[in-house]
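Working notes, beginning with the structure itself.
Proteins come first, then strands; the chains are lettered A, B, ... in the order of their sequence lines, and each starts at number 1.
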Number of protein chains: 2
Amino acid sequence: MGVTLKELASGLGLSPTTVSRALNGYPEVNQATRQRVLDAARTANYHPNTRAKSLATGQSRAIGHIIPISTSHEIVNPVFADFIAGAGEVYSRAGYDMVLSVVPDDEEENAYRNIVARGSVDGLLVHGPRLHDDRITLLQDLGLPFMVHGRSSGVQTPYSWLDINNRRSFRRATEFLLELGHTRIALVNGLESMDFALRRRTGYLDALAVAGIVPCPDLMRSAEMTEPYGHQAGRELLRLPDPPTAFLASSMIVAYGLRRALTDAGLKLGRDVSVVTHDDDLSYMPNGLEVPQFTATCSSVRAAGRKTADMLLSLVRDPDQGPITHLMETRLVLGDSTGRHRT
Amino acid sequence: MGVTLKELASGLGLSPTTVSRALNGYPEVNQATRQRVLDAARTANYHPNTRAKSLATGQSRAIGHIIPISTSHEIVNPVFADFIAGAGEVYSRAGYDMVLSVVPDDEEENAYRNIVARGSVDGLLVHGPRLHDDRITLLQDLGLPFMVHGRSSGVQTPYSWLDINNRRSFRRATEFLLELGHTRIALVNGLESMDFALRRRTGYLDALAVAGIVPCPDLMRSAEMTEPYGHQAGRELLRLPDPPTAFLASSMIVAYGLRRALTDAGLKLGRDVSVVTHDDDLSYMPNGLEVPQFTATCSSVRAAGRKTADMLLSLVRDPDQGPITHLMETRLVLGDSTGRHRT
DNA sequence: TTGAAAGCGCTAACAT
DNA sequence: ATGTTAGCGCTTTCAA
């Protein structure tokens, strides 16, 4: 262990109270005393014990993130990592800890209740909201400040969230493919039980409707976003009697699989067929594709993590300010091997 | 907040001590009393305050993971997510919290010191060890139990680690390509300042040496493992006067980029050129490749996370047991579109 | 401007 | 088998 406040105080011939006040920036401390205390703390490498502090103040100075892992499949959404990294930066700077709970998705409610009752965090961040998400109403009841990364269409009462404009991104991506003359456009989407995936489909359907095209169910796929899924979807779509000439992939990793299926079939991307990808993170975007390449980005997931953490901390500091929300617009980045792009 | 132990006790007409003992499974409690307490705790939805508990016991029941993020590039290694998920499962089950600290890589030492001094964790997990890693000797000095995911070749004193046998994997992968008749084999490796990457290169060189082949510096690449890097490396390697006929990629994501470069160049995988990939996690492995496909796996990163967490908890419970280590052997999974594989 | 005393919620001797 | 007391390291009235 390190030095305690008491030890530091007795070493200086002061009371723990004064030392505490000096360290925490209370105004009523003598300048000279404060300086002495600060110096002593530094040389003694003093760090306050977090647990004692939070027991005394009633604040834990920690934020909880609950990562639901499905019991059925082993994949963790890779954007989590970047998002968490962004949020973590903000917490560190603000002197907050980040507590991660990995919870099987059939025990989520319990996990939330526990974490609140144990008082180990001052706020919570909800990941991967579904269409109807009980977690949100649960947290509203529990009264702990929380933010949602994404939205839940089924929840009517207001809550705090940050989301990217998925619907708009996908409408614009579809419009782009329509402009290129495509009429049979496949949507290789994520799991449509997730709110974001439904919004993406809605955007896709919006654009088709405006163009007067009746959506074809065969052209719409939905599953967990993995490379093998993209590959299989691509193969199956190409086997259709009237195969699509363009593909809209819901994530870069899905596009990789799709690309494999298309090139395996001897198709040349950008000549025989167009692929457009959506991903939140530029860092996954391959450059120099010969495909028209679309990336809807909120200038990286990392930044979204930062912004969400900022908002949550503000909520923790002032819980009475009411729900706060932020909708991030996406950029369109269309590129090919010549480096063209448009926004 | 929830109910406190004191409230629970006075409600039952018992002393807090007895209630504490009943709840924590001490043997000297009357069966009937224990049952009464347990029931009351359940109906009152009682959960002990973590901070108070850890202040009293001196144990925080939390494990820290420090994620170094480089200030120069924005990428978080995607295997972190899976590893963390596996570790998190174990912690949850054992009643431990997981605290994640995201730290700029130039402030790591400070971060470690702080976290130890503040006493917020009982143990630490070190990610991404470099060849010479000061963190390890630092932690040895600080005396907090810790595990390393990977090893650091430069550190001589014993410490606890879990690693996969990178050298052996890459030796076997290279041998496989040599058996196929290739003599110019490119190594598209990760950053060789990382310990794992150096071990992989060593394995590659081992196999070449046995075959009597002089390694060609032009054929060895090293960088952060991303898709664009794989792509660029592929393009550049193909432009060589005497280009490689086989490629060894250090991760699946690099292989994706490589594949793009090769197909763009009009090469047919498995006919004109062979690609072999290494990745810790099968879930990234595309099925049905027409390429001989190699995956060295410790049956998923997730499992490695679980195992490492198990070991760390055992270390936390009994710090005197001395360093424990575990070397995971890899499986070779060679597949093509017909589903063939060998181990 | 400083200190003494009480208390945050829990556990752990030391009684009984 | 149960209760009393003290204390973990810090903050926070209240008093001086």
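In this structure, CG of B:Leu55 is placed 9 Å from C1' of D:dG7, rounded to the nearest angstrom. The interatomic distance linking A:Gln31 (CD) with C:dT1 (P) rounds to 9 Å, in whole Å. Separating the CD atom of A:Glu7 from the P atom of D:dG9 is a distance of 8 Å, rounded to the nearest angstrom. Between the CG atom of A:Leu23 and the P atom of D:dG9 there is a distance of 16 Å, rounded to whole Å. The interatomic distance linking A:Arg36 (CZ) with C:dT2 (C1') rounds to 12 Å, in whole Å. In this structure, A:Leu12 places its CG atom 14 Å from C1' of C:dT2, rounding to the nearest Å. Look at CG on B:Asn30: it is 5 Å from P on D:dT2, rounded to the nearest Å.
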Heavy-atom protein contacts under 4.0 Å, nucleotides 10-16 of chain D, coded B base, S sugar-phosphate only, - none: BBB----
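Within the 4.0 angstrom heavy-atom criterion, no nucleotide atom of any strand lies near A:Ser54.
Salt-bridge annotation for B:Asp195 and B:Arg151: absent, with no side-chain N of the basic residue lying under 4.0 Å from a carboxylate O of the acidic one. Salt bridge B:Arg135/B:Glu108: present, at least one basic N to carboxylate O contact under 4.0 Å. A salt bridge links B:Asp133 to B:Arg130: at least one charged side-chain nitrogen sits closer than 4.0 Å to a carboxylate oxygen. Residues A:Arg118 and B:Asp97 are paired through a salt bridge, judged by an N-O separation under 4.0 Å between the basic side chain and the carboxylate.
Shown here for B:Ser101 and B:Ile115, the closest heavy-atom pair between the two residues is OG-CD1, 3.5 Å.
Between the two ends of the helix from C:dT1-D:dA16 to C:dT16-D:dA1, each summarised by a five-pair axis, the helix axis turns through 40° (rounded to 10 degrees).
A:Leu23 is listed as a side-chain neighbour of A:Tyr46, based on a closest heavy-atom distance under 4.5 Å.
Using a 4.0 Å cut-off, no side-chain N or O of B:Thr33 falls inside it from OP1 or OP2 of D:dA1. Here A:Thr18 does not reach the OP1 or OP2 of C:dT2: none of its side-chain N or O atoms lies under 4.0 Å away.
For A:His47 and A:Asn45, the side-chain atoms include at least one donor-acceptor pair closer than 3.5 Å.
In this structure, B:Phe83 and B:His127 have perpendicular ring planes: the angle between them is above 60°, well past the 30° mark.
Aromatic pair A:His65/A:Tyr91: centroids less than 6.0 angstrom apart.
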